[in-house]
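Notes for the one structure printed next.
These figures come from a predicted structure and were not determined experimentally.
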Amino acid sequence: MAVHYCGLCRRTSFSGRRHLYGAAHRRRLREALDRLQEEVAAARAAAAAAGDGEGGGALRRYDPAEHDRRVWCLCCGRGVRRDGRRGGMALPRAGLLQHLAGPEHRRETARFWRENRAEAALRERFLVPAEEYERFARAMERELDAHRRREEERIRQMAAGIREAERRQRETVRAALQLQTEPELPAGPAACGPPAAPGRDDSEDAEQPGPSGMQTGPDLNWMESGQALTFIGHQETEGKGNVHTGAKPPWLTEAEEEDGSKQQIGPSYEEFLRQKEKQKLKKLPAGRVGANFDHTSQTGDSWLPSFGRVWNHGRRWQSRHQFRTESGEKKKKR
């Protein structure tokens, strides 16, 4: 008998080409064609919607995770990219439609139908006419042009908004500079102006020298008539000013304490070292020997042992002989 390998079933048949007419092969062929037909039907529906002018908004922002999917073409035996791409935009179903309308797919479909003995009436469902694809391509070009015009219009509006904001900013800066460079009014025509408020001196209304054009002295005549405020008296400092009265700010003065020493900001270096030692001791075990020893307690020399010489340098037996010599004892010989 002839040996026949079926690529669809992925098995070798020893009954020759009679395997193509078997129930198992027909079932697998039908299931595979149904899966491909769903993709082909969705692609042809997208082409029909775009050709009728109902494909507005069919373009999408390109997303690799979504638009790099591939569809397995059963007839050609390879994966085909489902969506097309133009710049940063994705064309849904454009890649599959282009493949279905190509001459290679038509040729491979005829071969697949002939080798697997599929129904001839179903073959046209898996092909896309060239005219249908041309209509879809023209609709996509129109959609791309419209999208390009919308993007250009949006960019022009954004540019106009930026120019308007810059213009307002320049006008604001120019107005502020004009107010700063305005000369002071002369004293002669000042009499024609509105009368000054009672109880205030004209010399105080003039701009006083100082930082940022602020007055250098306190305004002692700040109370005006008609104001329901409680006067608590003039708050004067004894020879010390502040930044509002034109005095030097405290961070620029070398202030000294009353005893003559410079005021120190923050902890001293000795306090820092003590704190560092405390941090080191925290890492040691709490139950260690001498952890609770009070270093501030007053102790004499009597707390040290009077034998052993454990604090001396040298060997232990030397300390023992020295202790016995000092105490007058002699070694007993056995």
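The two residues Ala50 and Ala139 have their closest heavy-atom pair at O-CB, 3.1 Å. When all heavy atoms of Leu97 and Ala47 are compared, the pair lying nearest together is CD1-CB, 3.6 Å. When all heavy atoms of Tyr133 and Ala94 are compared, the closest pair comes out as CE1-O, 4.3 Å.
Glu153 pairs by the salt bridge (charged side-chain N to carboxylate O under 4.0 Å, His left out) definition with Arg156, not counting sequence neighbours. Contacts of Arg288 classified as side chain to side chain donor-acceptor pair (under 3.5 Å), with partners at least two apart in sequence or in another chain: none. With sequence neighbours excluded, no residue forms a ring pair (Phe, Tyr, Trp, His ring centres under 6.0 Å) with Phe112. Residues that satisfy the ring pair (Phe, Tyr, Trp, His ring centres under 6.0 Å) test with Trp113, not counting sequence neighbours, are Phe126. Not a single salt bridge (charged side-chain N to carboxylate O under 4.0 Å, His left out) links Glu66 to another residue, sequence neighbours left out. Legend: residues meeting side chain to side chain donor-acceptor pair (under 3.5 Å) with Asp145, ordered by chain and number and at least two apart, are Arg148.
Side-chain contact check for Leu59 versus Leu91: some heavy-atom pair is nearer than 4.5 Å. At least one side-chain heavy atom of Tyr5 sits less than 4.5 Å from a side-chain heavy atom of Arg10. With a 4.5 Å cut-off on side-chain heavy atoms, Met89 and Met140 do not count as touching. Between Val80 and Leu100 there is no side-chain heavy-atom pair separated by less than 4.5 Å. For the pair Arg82/Arg70, no side-chain contact is recorded, criterion being any heavy-atom separation below 4.5 Å from C-beta on.
Applying the ring pair (Phe, Tyr, Trp, His ring centres under 6.0 Å) definition to pairs two or more places apart or across chains, those involving residues 82-109 are His99-His105. Annotation: salt bridge (Lys or Arg N to Asp or Glu O under 4.0 Å) contacts involving residues 160-172, sequence neighbours excluded, comprise Glu164-Arg167, Glu164-Arg168, Arg167-Glu171. Here ring pair (Phe, Tyr, Trp, His ring centres under 6.0 Å) pairs that include residues 60-98, with residues two or more places apart or in two chains, number zero. The stretch residues 38-48 participates, sequence neighbours left out, in these salt bridge (Lys or Arg N to Asp or Glu O under 4.0 Å) pairs: Glu39-Arg93, Arg44-Glu132.
Around CD of Gln169, the count of heavy atoms belonging to other residues, nucleotides or ligands within 6.0 Å does not exceed 12.
In terms of hydrophobic clustering, with Ile, Leu, Val, Met, Phe, Trp and Tyr side chains grouped at heavy-atom distances under 4.5 Å, Leu36 and Leu127 are assigned to different clusters.
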Side-chain donor-acceptor pairs of residues 20-31 under 3.5 Å, sequence neighbours excluded:
| from | atom 1 | to | atom 2 | distance (Å) |
| --- | --- | --- | --- | --- |
| Tyr21 | OH | Arg117 | NE | 3.1 |
| Arg26 | NH1 | Arg117 | O | 2.7 |
| Arg26 | NH2 | Arg117 | O | 3.4 |

Return all side-chain donor-acceptor pairs below 3.5 angstrom for residues 273-287, not counting sequence neighbours, or 'none' if the list is empty.
none

- Query: Can you check salt bridge (Lys or Arg N to Asp or Glu O under 4.0 Å) on Glu151 and Arg154, steps first, answer last?
  - Reply: CA-CA 5 Å; Glu151 287 295 319; Arg154 185 177 63 86; 2.7 Å; yes

